[in-house]
Amino acid sequence: MHFGGIHFFVGLFFVMVSFLLTYAYMVLFYWLVITLRRGYYQFRYSIVQNDYQLGKGPDPENVLRKPVLPFVNISLFKKFALLLLAVTLMIYAYQRIDWMGSDSRHYQAKEYWVAGQVNHAPRALLERLHLHPDNPIVRLYTWLQQQIYQRGIRYLPENDGEQAVWFNHWFIHPFSRKSLEPYGVFHKEPSPEMVAMLDQCWKSMEAIATLPIADSKMEHKALLDWPVLFSYYVVYQGYYTGPLWGAADRRLIDPLLRKKEYQMLDWLDSLSQRWLDKQMSLEIWQDKPMVASFRQHTLLYLLQDLCLSLVYFGEFSCDHPLLERLYQEYQDAMSNDPVRSSFLSWKRINPRQAELAYQISIYRGHGSTGNYLLNHVCGKTMPQELYLATRNMGILSMFDPARDVEYVYKTVLTPLLEGGKHE
């Protein structure tokens with residue numbers, strides 16, 4: 001295990017600050033429980049006492065137990081501290097072993113990464129308990145995470161993509177893993193906050209795509225995290241055009257967003273090859289099929305978008321390579337082969353999420369756009385639904401009617417509708 005010099009002590013300082021913050025939360029939680037317990041006791045006591053005075057019940061002293069735990073419980077606070085310190089040091093030791101080995105790079109910076117991972121652990125726990133990343137309780141950890149990040153990236157080369165991996169993992173992934181928007185973002189209003197988040201997403205995607213990452217383990221992590229980042233970006237990119245509500249048409253006719261979608265499609269194709277080059281494919285398909293599913297979902301999303309935009313920009317034809325590619329992606333996603341359909345592989349681990357992702361990709365309002373062009377316009381026979389990745393749930397497992405697609409994407413499809421190319 002390597003040692004990052006003076007930065008070891010700076011990192012350890014941050015670890016202790018994170019420890020103290022978590023300890024303070026534990027004590028505050030204890031005080032909250034005591035306060036609620038005493039308040040409930042007083043409430044119950046007043047009711048029982050009133051009944052007792054009216055001769056309708058027993059003496060409250062005989063039936064109610066008075067809370068005995070004090071607000072200042074030195075013995076319990078010491079146990080809190082020792083338990084939390086032990087857990088914190090265990091996480092810290094594990095992170096050092098994992099990230100400071102001989103195969104690592106940039107050891108000075110890694111001291112901050114290790115410390116940041118310790119601080120990230122309680123953040124991740126709170127988020128799994130359904131606290132939003134912008135919740136004030138979580139925000140204190142986020143502020144500390146920002147201090148660690150700003151100091152740590154000083155010791156990473158500017159042309160190394162590792163700093164994008166840090167940023168994505170600590171500041172974007174808490175939102176992207178559950179497709180959450182920041183506080184104060186509303187679908188029917190423009191959102192500078194969401195635009196700023198999308199800019200950070202693009203910056204991270206671009207850095208991972210174009211910059212080398214010297215640390216092989218960090219590159220491995222980047223290639224696993226990348227598909228979720230792509231998915232989050234494409235779902236919310238409509239905020240670049242104003243409110244998300246009604247952005248279906250606007251984003252498809254925006255030349256800059258269209259150019260970005262072509263770029264993302266190219267990056268996702270290169271991602272598959274990078275998985276092969278790094279010998280990650282078996283790990284992904286067997287152990288982390290969610291990663292492959294996010295890639296397949298995003299591929300479908302981008303191809304559906306780009307094929308629609310062909311109509312608006314006067315480039316549409318039924319033998320266009322993009323439509324051929326989209327047709328193949330539908331066949332893969334809807335097949336009974338888990339090597340072709342990552343949703344089937346993911347269903348082994350998380351049936352509910354895999355089914356939802358499949359339905360969104362294939363059937364929901366956006367998924368049905370590919371069927372509209374391929375089947376309704378070009379007369380291609382779509383794959384038969386085998387109900388392997390989804391259950392037979394009626395409308396949720398059926399393509400939307402053509403009239404619904406035409407209504408949502410009326411601006412984009414106007415040239416096609418006016419040209420009389422379909423019934």
Side-chain angles (χ1 to χ4, degrees), residues 12-95 115-148 170 173-175 177-187 349-353 355-356:
L12 200 57
F13 167 78
F14 282 119
V15 169
M16 289 298 102
V17 174
S18 179
F19 159 77
L20 292 173
L21 177 58
T22 305
Y23 179 68
Y25 277 143
M26 293 176 70
V27 172
L28 287 173
F29 179 75
Y30 170 82
W31 285 341
L32 177 62
V33 170
I34 296 297
T35 301
L36 292 176
R37 178 71 181 89
R38 292 188 178 190
Y40 178 71
Y41 170 79
Q42 293 295 335
F43 173 72
R44 290 286 297 138
Y45 190 93
S46 64
I47 294 176
V48 176
Q49 185 181 42
N50 184 61
D51 290 343
Y52 174 66
Q53 290 173 347
L54 295 174
K56 296 180 181 180
D59 185 340
E61 296 294 341
N62 296 330
V63 295
L64 295 180
R65 178 187 298 179
K66 188 175 183 178
V68 295
L69 287 176
F71 273 101
V72 179
N73 192 330
I74 301 300
S75 176
L76 188 59
F77 290 173
K78 286 182 178 179
K79 291 177 181 178
F80 280 171
L82 291 174
L83 176 62
L84 179 60
L85 183 60
V87 171
T88 300
L89 292 177
M90 286 175 60
I91 297 173
Y92 180 65
Y94 173 80
Q95 292 295 330
Q117 286 293 86
V118 176
N119 183 65
H120 185 65
R123 287 178 71 210
L125 176 61
L126 291 171
E127 288 157 10
R128 290 185 182 278
L129 294 174
H130 303 292
L131 268 69
H132 191 278
D134 280 341
N135 185 287
I137 295 175
V138 183
R139 286 295 299 173
L140 285 174
Y141 286 109
T142 304
W143 177 84
L144 181 57
Q145 202 84 52
Q146 290 167 342
Q147 308 312 305
I148 298 170
W170 286 346
H173 191 67
F175 294 88
R177 62 181 293 270
K178 290 188 176 180
S179 198
L180 299 173
E181 296 154 294
Y183 275 172
V185 173
F186 302 99
H187 289 180
I349 298 174
N350 195 322
R352 186 181 65 84
Q353 289 189 3
E355 182 175 341
L356 179 61

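Computation of the quantities below employed the complete heavy-atom set of this structure, encompassing side-chain atoms and omitting hydrogens, waters and symmetry-equivalent molecules.
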List, one per line, each side-chain donor-acceptor pair under 3.5 Å for residues 75-88, sequence neighbours excluded.
residue: T88; atom: OG1; partner: L84; partner atom: O; Å: 2.8

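- Counting only heavy atoms from C-beta outward, the side chains of K178 and H130 approach each other to under 4.5 Å.
- Listed by chain and number, the residues in a ring-ring contact (aromatic ring centres under 6.0 Å, His included) with Y183 are H132 (sequence neighbours excluded).
- Atom-to-atom distance recorded for Q117:CD and I148:CD1 is 10.0 Å, nearest 0.5 angstrom.
- In this view, L69 and Y30, I34, N73 satisfy the side-chain contact (heavy atoms from CB on, under 4.5 Å) rule, not counting sequence neighbours.
- One distance of note links NE2 of H120 with CG of L144; it measures 13.0 Å at 0.5 Å rounding.
- Shown here are the side-chain hydrogen bond (donor to acceptor under 3.5 Å, both in side chains) partners of T35, two or more places apart in sequence or in another chain: there are none.
- Side-chain contact between F14 and V118 is absent, with no heavy-atom pair separated by less than 4.5 Å.
- Counting heavy-atom neighbours within 6.0 Å of F43 CZ, excluding the residue itself, gives a total of 12 or less.
- Scanning for salt bridge (Lys or Arg N to Asp or Glu O under 4.0 Å) contacts around E127 gives an empty result, with sequence neighbours left out.
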> Given R139 and W143, is the side chain to side chain contact (heavy atoms under 4.5 Å, CB included) satisfied, shown in steps?
Replying inline: CA-CA 6 Å; R139 286 295 299 173; W143 177 84; over 6 Å; no
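- Contact of the L32 side chain with the L28 side chain is not registered, since no non-hydrogen atoms from C-beta on lie closer than 4.5 Å.
- When the ring-ring contact (aromatic ring centres under 6.0 Å, His included) test is applied to F13, no partner is found at least two apart in sequence or on another chain.
- Annotation: the span from L131 atom CG to L125 atom CG amounts to 9.5 Å, rounded to 0.5 Å.
- Y23 contributes atom OH, which lies 8.0 Å from atom CE of M26 (distance to the nearest 0.5 angstrom).
- For the pair F71 and R38, the minimum side-chain heavy-atom distance is below 4.5 Å.
- Looking at T142 and W170, their side chains never come closer than 4.5 Å, going by heavy atoms from C-beta outward.
- With sequence neighbours left out, the side-chain contact (heavy atoms from CB on, under 4.5 Å) criterion links P182 to D134, F175, V185, M194, M197, Y232.
- The OH atom of Y141 sits 7.5 Å away from atom CG of N119, with the distance rounded to the nearest 0.5 Å.
- Of all heavy-atom pairs spanning P133 and P174, the tightest one is CG-O, 3.5 Å.
- Take D51 and apply the side-chain contact (heavy atoms from CB on, under 4.5 Å) test, not counting sequence neighbours, and it matches I47, K56.
- A search for side-chain contact (heavy atoms from CB on, under 4.5 Å) contacts involving V63 returns V48, P58, not counting sequence neighbours.
- Residues R128 and R123 are not in side-chain contact: their nearest non-hydrogen atoms beyond the backbone lie 4.5 Å or more apart.
- Residues in residues 58-71 take part in these side chain to side chain donor-acceptor pair (under 3.5 Å) pairs, two or more places apart or across chains: Y45-E61.
- Under the rule for a side-chain hydrogen bond (donor to acceptor under 3.5 Å, both in side chains), the partners of Y92 that lie at least two apart in sequence or sit in another chain are R96.
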